[in-house]
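Fair warning: this is a prediction, and the values are worked out from it, not measured in the lab. Below, all heavy atoms of this structure are taken into account, side chains as well, without hydrogens, waters or symmetry copies. Throughout, a chain's letter reflects where its sequence line sits, starting with A, and its residues are numbered from 1.
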Amino acid sequence: MDFRTLLSRTAPAALPATGLLLSGCGLRGSHHALDPAGPQAGAIGSLWWLLLVVSAVVFVVVMTALVLALTRYHETPDRENLPAQAHRTVMGWVAGGVGVTVLILFVFLVATLLAERRIAAIDADPEALEISVIGRQWWWEIQYENAAPWLTATTANEIHIPVGRPVHLKLNSADVIHSFWVPSLGGKRDLIPGHTNRLSIQADRAGVFEGQCAEFCGHQHAHMRIIVVAQPPEEFEAWLEQQRQPAREPQTEGEIRGREVFLASDCIMCHSIRGTTAMSQVGPDLTHLAGRRTLAAGVLPNTRGHLGGWILDPQGIKPGNRMPRHTFPAEQFHPLLDYLGSLE
Amino acid sequence: MNPEGPRSAAVLPTAGPRAADARASHHDLDRVWSPPEGLYGWLTTTSHTQIGRRFIVTAFIFFLLGGILAALMRLQLSHAESGFLSPDRYNQIFTMHGVTMMFLFAVPIMEGFGIYLIPLMVGTRNLAFPRLNSFGYFTYLIGGILLYAALLLDIGPDAGWFAYLPLAGPEFSPGHRMDFYAEIITFLEISALVGAVEIIVTVFKLRAPGMTLNRMPLFVWALLVTSFMIVFAMPSVEMASAYLILERLAGTHFFDPAAGGDPMLWQHAFWFFGHPEVYIIFIPATGMVASIVVTFSQRQMFGYPAVILALITTGFVGFGLWVHHMFATGLPSLGMSFFAAASMMIAIPSGIQVFCWIATLWTGRPRLRVPLWFVLGFVFLFVMGGLTGVMLGAVPFNLQVHDTYFVVAHFHYVLIGGAVFPLFGGFYYWFPKMTGRMLNERLGLWNFWLMFIGFNVTFFPMHELGFRGMPRRVYTYLESTGWEPLNLLASCGAAVLAVGVLLFVINVLWSRARGQAAGDNPWGADTLEWTTTSPPPNYNFHFQPVVTDRYPGWTRGPDSPVVVGLKDDAHEVLVTTTLDAVPDHRTTFPPHSIWPFLTAVAVAVIFFGLIFTPWAIPAGAVLAMAMLILWFWPKHHVLHRGHEEDAP
Amino acid sequence: MSAPESSYFESARGVRTLWLGILAGPLLWFLNQQVNYLLVRWACSSGHVIVLHAVAATCLVGALLAGKLALGNRRRLEETEGAESLQQERARFMVVLGICSSFLFALVIIAQGIPNFILNPCGK
Amino acid sequence: MISRNMDVSGLPDHAFSHHSLTWWGVLGFIVVESTFFGVLVATYLYGIGRAAEWPPAGVAPPTLLWGTLNAGIMVLSCWPNLRYKRAAERMDGPACRRWLLVAVGFGAAFLAIRALEITALDIRWDDHFYGSIVWAILGFHTLHIVADFTECVVLAFIAWTKPLSPHHFADFSDDAVYWYFVIAMWLPLYGLIYLVPRAL
């Protein structure tokens, strides 16, 4: 019954498999609310099974009563008056049914409140890691804040978390209401302009967990996906340390040329690459673009071909999104892709 | 200062057959109560049977249109990354699907049945405010047409029927799309509000003598509770959409956090209406179910007071649930849990009703005809939807499935299962009364089973899609999500469902022309509407009946007591007291009139004009005021002259 | 003519008690919910969860008193003798509604009182 | 079974107060509109709950003079309104005509003062949330005064130009009920707009 222990036992076995996934394109992750990967989703899963089993019994009983009512032998001819004895019997059944209903509902209520309390207790962990998530039309900005502002790591559409440690997400929106939801890790929470909401998640096994914006937010609501990559703590720390660094300097001639193209283009109107003069905050931070699994908020695998396609025709891939079409002559375009592809 | 004494003394029971009263004649009644002919008659009629039928037909057409939109969505979603609809179109379509089904179909059709049936069921000649009724219909019709015109012109609202701010605000929805939403919703709901006031006053003051509170048919009770809910719920959405108008038109800051506003204010105001709305749709359906169950088990409703208790309880608790649409917004969890508790407790009255219906069938002799089949389908689907509803009340579980296809599945089970199935049962049940002909039974069975199977195939898989992470309101999804097979299955189910509905349309068209003649009371039903002819005459009853028990349809005979002494050459009806329906005075209804229609047009000018210019307010207001004055002006004049003419 | 006692439920006073029996429960429930909902943030900042309990308890007592009133009305009805008049029949119906609605809403108030024992008012 | 028909020809053909259908209709719309006002009040209180300062920093609450004067005159107008309603229910034509004129006079006074009240505001509806809700409340209430004032003028015109029937008197009586409502609504709104910000 306790999914948490079950899963924490099976998690080590799952590691090699997730390793394989991580090395692949990374799009096939887990995303099922009843396949919990953390204690929050686990608590909700247990609550669900209770609700389901009791409800199924109730449903079967009511349907049986309905079928019996239709098929039993009837002999009462009078439309208006029922013999007192029969009335009492049926009244007893009805009252009993109502009584059982009340009882079940109170059980549901208490079970719900206890599950809620359990989740709240996990959420209160002072050791938690805090990550800031900002919803934007139609992508997610992720910030690992640091007391030293220059050590703040900013990325997009991909949250890395350490396995086994609670994570507090600080949720804000830069435009309309969005909702953060990764089913394997727990319930959702809205990102509302003017409010700072919080949500705690925790992964008890390594893996890639997918989610998606759950509150309608305009044209590309359908393509506002997010992935959570749960890694062993040391792997996570290494990743975070790398993310804090400014962008890798271009090495090859193509990459150097690519950076020139980038900095001369209108890309810099929206994007920033830390360590260069591109510092705009409108679009996703590209400092470590090549290290991400996906492009365009989880829509495309991050390959050179897809990146090129995305730059040339973003409106064909995500109609209505904020990135305009660009045309580059081939002699600029290939170096640009070289450079962006080198930003690990 | 009211002459209470002489009033009651004036009621003199007269012995003898009704023929003793020679003054009443079919001919005079018919002349007085018939609407004028032709287009002018269509625009001016105040007859509740005509307007009620019109509400039902119009709302059903909107149901078909909303269904077509749903079919387009299912077509788009049947395959991953389908290019059939652009996100821009899809967003308009899903918004209009919601707006249509909630505002243009469900509420108006329930009110339409109420408008048609309630005067007949309480034994009077018309609704309390016949001209207001006509006004209500035209506001509804004009509002619906304007919304669909916008959709066809590619300027249909596209921020969802719930229109959350700031997405629906001026910054993120520039252009006129959401102006249409804000203006037309505000305008349309006028219709629901006037309908509710009419129904309340009719039920309170125009019941046949002897129809005390505890003899009112359950359908009348249901519509009474619904109307009260409308009166308290609709103003909330009206005010919210008025704020939205101001926000978009005048630059106010109700929802702008940068200037002290809050987007959550919209959600509170919207759902304070939005949740009761669900019960506004569902409660009339339970009234239909009660009528059908009683008639087809030939047994009085088991636990009549318990069922009414359930209706009243649902009506109240329905106002204490709205926050459960906002569990994910980060409100304090203790505060939310009060709403979670209420969301679960509302299952008690629903349970009481289900048990009483089953008990009625149990103690009666059920006859399995098409209306009862629809009710059985209803019980199946509604119990299922009700149980998922209880689950959704559980806050943590809600946070997983909120705004996913699980919720889509849930509310279609309670809205289609809980309201559309009873409604179809109601169509089969009252069609003979409205047209004088029976609907075809065999086609009806096909209709039922195709709808029932199609419905389950469409919506049951959506529960699982929700668990798999599929959010609502997405125009497409990636193939890698693995949602395609279940979506394809759902789309196939939708096709079956659509064929079922099509069979119904065919059945209605065929039966209206060639159906078997019905007679006054083909089902052996118990309520007053079945004691008059099918279809009823314009004046409903030759003599207003005097009711002596709860089941006049079963107990009344040709010699049963009636009301005599009402003028049959004027629109005169009897007004009775609220609790015990004791005759109080006679009142004369105003005649047919064009002004309600013109007033509706004038009010439409205000709201439609506001989409484009604020000057619409003064211009439209002067126009509307003029129409209103003309509407109320001639009434006394005509009445007065009428009095003089009446004098011998 | 009916006895003076049986016309009690036609008098304004009698009718008022009948309606009170039916409506007091739901109205108190609504009050309980709204007040408690509004007080949550305050209870968090001040730490006085007891006030939430007090509101729920007061409303519960009120609903039960309405039930008692309705029960009293039923006794009054049972005391009247002879054939039941139209008005008495209707009054009996309203009394039954009043008893059931009072106790049903008492139940709902209890259900809404439970979270105060389990959850922390500061929890999000 | 002998049927006992009910002869109602002796009943009156008009009624006042809660006997009349129109009274119930008016009551219905009063409830609807009270709910509207309730939503406005709730919005205002919601704003207070969200704001750190109410009214926002640098904004003074509306000046007391005109609002208080209007509230005072409205309370005073209950008296002629009562006379007007009573005259209508007695079917006293001459008295009714006179009191109707007085009512029109009061309506004109409310409107004139309301105009001063609105022009005295030093905030705009598009300044901030506070400005929006204050304007919305004042505007919505003014709409009611305008509507009822117009109705009063029309009724006065009818009263002075046509022979009056019992139905007219019933209408006059219902109109008076509506006036009470418009006045009764102003008192809590006055407290909300003028007194609450000062008490906070």
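- In this structure, I358(B) CD1 and W93(A) CH2 are separated by 12.5 Å, a value rounded to the nearest 0.5 Å.
- Contact record, W483(B) with R225(A): CH2-NH1, 3.8 Å, taken as the closest heavy-atom pair.
- Residues of residues 168-180 of chain A lying under 4.5 angstrom from chain B, judged on non-hydrogen atoms, are D175(A), V176(A), I177(A) by number.
- Remark: aromatic rings of W48(A) and F467(B) are close, center separation under 6.0 Å.
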Practice problem: Test side chain to side chain contact (heavy atoms under 4.5 Å, CB included) on Y90(B) and H219(A) and set out the steps. | Solution: CA-CA 9 Å; Y90(B) 188 89; H219(A) 271 84; over 6 Å; no
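- Looking at R468(B) and D35(A), their side chains never come closer than 4.5 Å, going by heavy atoms from C-beta outward.
- In this structure R472(B) satisfies the salt bridge (charged side-chain N to carboxylate O under 4.0 Å, His left out) test together with D403(B), sequence neighbours excluded.
- Heavy-atom distances place both the backbone and the side chain of F380(B) under 4.5 Å from chain A.
- Counting heavy atoms from C-beta on, the side chains of P396(B) and T112(A) come closer than 4.5 Å.
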Practice problem: Decide side chain to side chain donor-acceptor pair (under 3.5 Å) for H32(A) and E464(B); before the verdict, give the C-alpha distance in whole Å, the side-chain angles of both, and the deciding distance to 0.1 Å. | Solution: CA-CA 9 Å; H32(A) 199 294; E464(B) 173 62 12; 2.9 Å; yes
Exercise. Kindly indicate, with the supporting measurements, whether the criterion side chain to side chain contact (heavy atoms under 4.5 Å, CB included) is fulfilled by R79(A) and Q300(B).
Key: CA-CA 6 Å; R79(A) 295 187 288 203; Q300(B) 67 153 305; over 6 Å; no
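- Between V54(A) and L387(B), the closest side-chain pair of non-hydrogen atoms is not below 4.5 Å.
- Proximity of the aromatic rings of H221(A) and Y475(B) is defined here by a centroid distance below 6.0 angstrom, and this criterion is not met.
- Y477(B) and Q212(A) are not linked by any side-chain donor-acceptor pair at a separation below 3.5 angstrom, with hydrogens and angles left out of the test.
- Residues L82(A) and F302(B) meet the side-chain proximity criterion, which asks for heavy atoms closer than 4.5 Å.
- Of all heavy-atom pairs spanning N197(A) and G330(B), the tightest one is OD1-CA, 3.7 Å.
- Between chain B and the options V94(A), I104(A), T196(A), I119(A), the largest number of non-hydrogen pairs under 4.5 Å is found for V94(A).
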